[in-house]
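Below is one structure, written out as structure tokens, with a few remarks after it.
Positions are given from 1 along the sequence.
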Amino acid sequence: MDVLRPPLIRIGGRVYRKSLVQEQAFPHEEEEDFCAGPGDCADEPCGAFVVEETERGFQCRVEVPSPLYKYIIGKKGETKKRLEAETRTSISIPKPGVEGEIVITGQHRSGVTSARTRIDVLLDSFRKKQPFTHFLSFALNQPAVQQRFLQFKEEVLEKCSKDHGVSSSLFQNPAKLHLTLGTLVLLNEQEIQKACDLLQRCKEDFVEDFLGFSQVTGGQPLTVEVAGVEYMNDDPAMTDVLYAKVRMKDGSDRLQMVADQLVERFVASGLMRKEWDRVKLHATVMNTLFRKDPTEEQNSTMTGKSSFKERESFNGQNILKVFENFHFGEVQLDSVRLSQRFSSDASGYYATSGQLCFS
């Protein structure tokens, strides 16, 4: 690897450089310099987060969702003990299930800073392994589109049921037809509220401009056509995901621009991970993940634990030929929703934790 261009790690809106150089350890070298003095900062510039000076030394507080406490504690408390010993600090963690702050205290600023940085890296690593809990979506489940989708399902089963792997269990729930913009791991009410607040700021900062917002008429809905089908992988004979294509009725790029900027803003905030350069606008209609788990709402283009399940692909060649131009209908997109995974509201769509309304 090029040591002059180390990989970058983004944590909580900050960027860290990952060291690729292993320094040689000398048996008789003492480690006093690791936390030697209040002016040193071992792992992180001191200004990256607040370290308060107290009567007994230094202190730093970090908000951590309670489901992640166990990763700082470790098996039988080993991780916490090691962090405290190596950074010469004391780490106070709230009781399991109680939301609060982890408090790091120590006699030297550098030790507190080092402990905080290591905790941030640990949390970032384990957060990546959590299945996503929420996602930003555009709902496509208007009655007329649901009816056309059910017609599509009926005709596919009638004309293509003999093709390998094709069965009724592959089809999306019509009440949950949607476009996914990006997925989020939100582990407590504070993180959900943070995402909701960011949605509203996005509306004020740039969404209203794309919608031609005015005080008299409000914003104009984005009218889209849902028509045609396409597949995700390289071989249509071994298809895992079949999706309906979505395009603006007026031929503009406004929907793509709104989607891209929303994701860019959420990635910059640390609430979402960047997966692609641009959002892939698509509505999943068939997915082999549904075959074994009909409640599975994993978006096919996003990474997550469920994407590693064994999948039985289906032969989508005939479906792609016969339904190449199938028209599912038009939809007026009037809001972006913060949708909760594995949930349903009264309409059958995902429960909404917050939304950005265009009107």
Side-chain angles (χ1 to χ4, degrees), residues 9-16 48-50 60-75 77-80 83 91-104 115-137 178 180-202 262-275 293 295-299 301-309 336-345 349-356:
I9 303 175
R10 296 180 181 273
I11 302 175
R14 298 189 298 277
V15 179
Y16 299 84
F49 38 72
V50 177
C60 183
R61 297 174 177 271
V62 53
E63 290 187 5
V64 178
S66 59
L68 297 181
Y69 292 166
K70 60 185 178 182
Y71 300 115
I72 305 303
I73 297 170
K75 186 177 181 181
E78 292 176 358
T79 302
K80 178 175 175 289
L83 281 170
I91 301 172
S92 175
I93 301 175
K95 294 180 180 179
V98 178
E99 296 297 337
E101 295 178 318
I102 289 179
V103 182
I104 308 163
R116 167 62 191 267
T117 301
R118 294 183 185 200
I119 286 174
D120 282 347
V121 172
L122 272 175
L123 292 174
D124 183 68
S125 174
F126 285 108
R127 185 181 280 272
K128 289 178 181 177
K129 299 178 182 179
Q130 305 299 311
F132 75 86
T133 60
H134 295 74
F135 57 100
L136 295 183
S137 73
H178 68 279
T180 295
L181 304 187
T183 61
L184 306 94
V185 177
L186 305 177
L187 299 177
N188 59 19
E189 290 300 320
Q190 290 85 351
E191 292 189 344
I192 293 172
Q193 187 59 51
K194 184 179 178 181
C196 293
D197 293 343
L198 180 57
L199 263 182
Q200 296 310 310
R201 291 200 300 274
C202 288
L262 280 169
V263 169
E264 182 178 334
R265 185 66 63 87
F266 270 76
V267 169
S269 75
L271 289 169
M272 184 181 291
R273 296 199 174 279
K274 187 175 181 65
E275 299 288 343
D293 185 359
T295 66
E296 178 56 61
E297 285 123 18
Q298 168 70 36
N299 183 270
T301 63
M302 302 296 172
T303 58
K305 288 184 177 180
S306 56
S307 62
F308 296 103
K309 289 182 178 179
V336 180
R337 307 190 191 195
L338 178 63
S339 300
Q340 183 180 336
R341 192 182 183 191
F342 299 129
S343 67
S344 297
D345 62 15
Y349 194 69
Y350 305 95
T352 299
S353 298
Q355 61 182 327
L356 184 169

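- Scanning all heavy atoms of the two residues, the minimum distance from V263 to L181 falls at CG2-O, 3.4 Å.
- Between L184 and G182, the shortest heavy-atom contact is CD1-O, 4.0 Å.
- The minimum heavy-atom distance linking S343 with A351 is given by the pair OG-N, 3.0 Å.
- The shortest distance between side-chain heavy atoms of F126 and K70 does not fall below 4.5 Å.
- Considering every non-hydrogen atom in both V267 and R273, the closest pair reads CG2-C, 3.9 Å.
- Evaluation of the side chain to side chain contact (heavy atoms under 4.5 Å, CB included) rule for S353 yields H134, I192, L338, Q340 as partners, not counting sequence neighbours.
- Legend: residues meeting side-chain hydrogen bond (donor to acceptor under 3.5 Å, both in side chains) with E264, ordered by chain and number and at least two apart, are absent.
- Partners of S344 under the side-chain hydrogen bond (donor to acceptor under 3.5 Å, both in side chains) rule, at least two apart in sequence or in another chain, are K176.
- The closest side-chain heavy-atom distance from L199 to L262 is below 4.5 Å.
- Taking every heavy atom of both residues into account, V185 and P131 meet most closely at CG2-O, 4.0 Å.
- The side-chain heavy atoms of P65 and E191, taken from C-beta on, include a pair separated by under 4.5 Å.
- For S66, the side-chain hydrogen bond (donor to acceptor under 3.5 Å, both in side chains) partners at least two apart in sequence or on another chain are E99.
- For Y69, there are no side-chain hydrogen bond (donor to acceptor under 3.5 Å, both in side chains) partners at least two apart in sequence or on another chain.
- For the pair Y349 and S339, the minimum side-chain heavy-atom distance is below 4.5 Å.
- Separation of atoms CG (L123) and OH (Y71) is listed at 10.5 Å; rounding is to 0.5 Å.
- Counting non-hydrogen atoms of neighbouring residues, nucleotides and ligands closer than 6.0 angstrom, the CD atom of Q200 exceeds 12 such neighbours.
- What you find for A195 and F266 is that their closest heavy atoms are O-CZ, 3.7 Å.
- The line from CD1 of I93 to CD1 of I72 is 6.5 Å long, rounded to the nearest 0.5 Å.
- With sequence neighbours left out, the side chain to side chain contact (heavy atoms under 4.5 Å, CB included) criterion links E101 to R61, E63.
- Q193 pairs by the side chain to side chain contact (heavy atoms under 4.5 Å, CB included) definition with C196, D197, not counting sequence neighbours.
- The CD1 atom of I91 sits 7.5 Å away from atom CD1 of I102, with the distance rounded to the nearest 0.5 Å.
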Is there a side-chain contact (heavy atoms from CB on, under 4.5 Å) between L122 and L68 once you walk through the steps? CA-CA 10 Å; L122 272 175; L68 297 181; over 6 Å; no
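- With contacts defined as side-chain heavy-atom distances shorter than 4.5 Å, the pair F49/R116 qualifies.
- Qualifying side chain to side chain contact (heavy atoms under 4.5 Å, CB included) partners for R265, counting only residues two or more places apart in sequence or in other chains: L198, C202, D205, F206.
- A salt bridge is absent between D120 and R127; no separation between the charged side-chain nitrogens and carboxylate oxygens falls under 4.0 Å.
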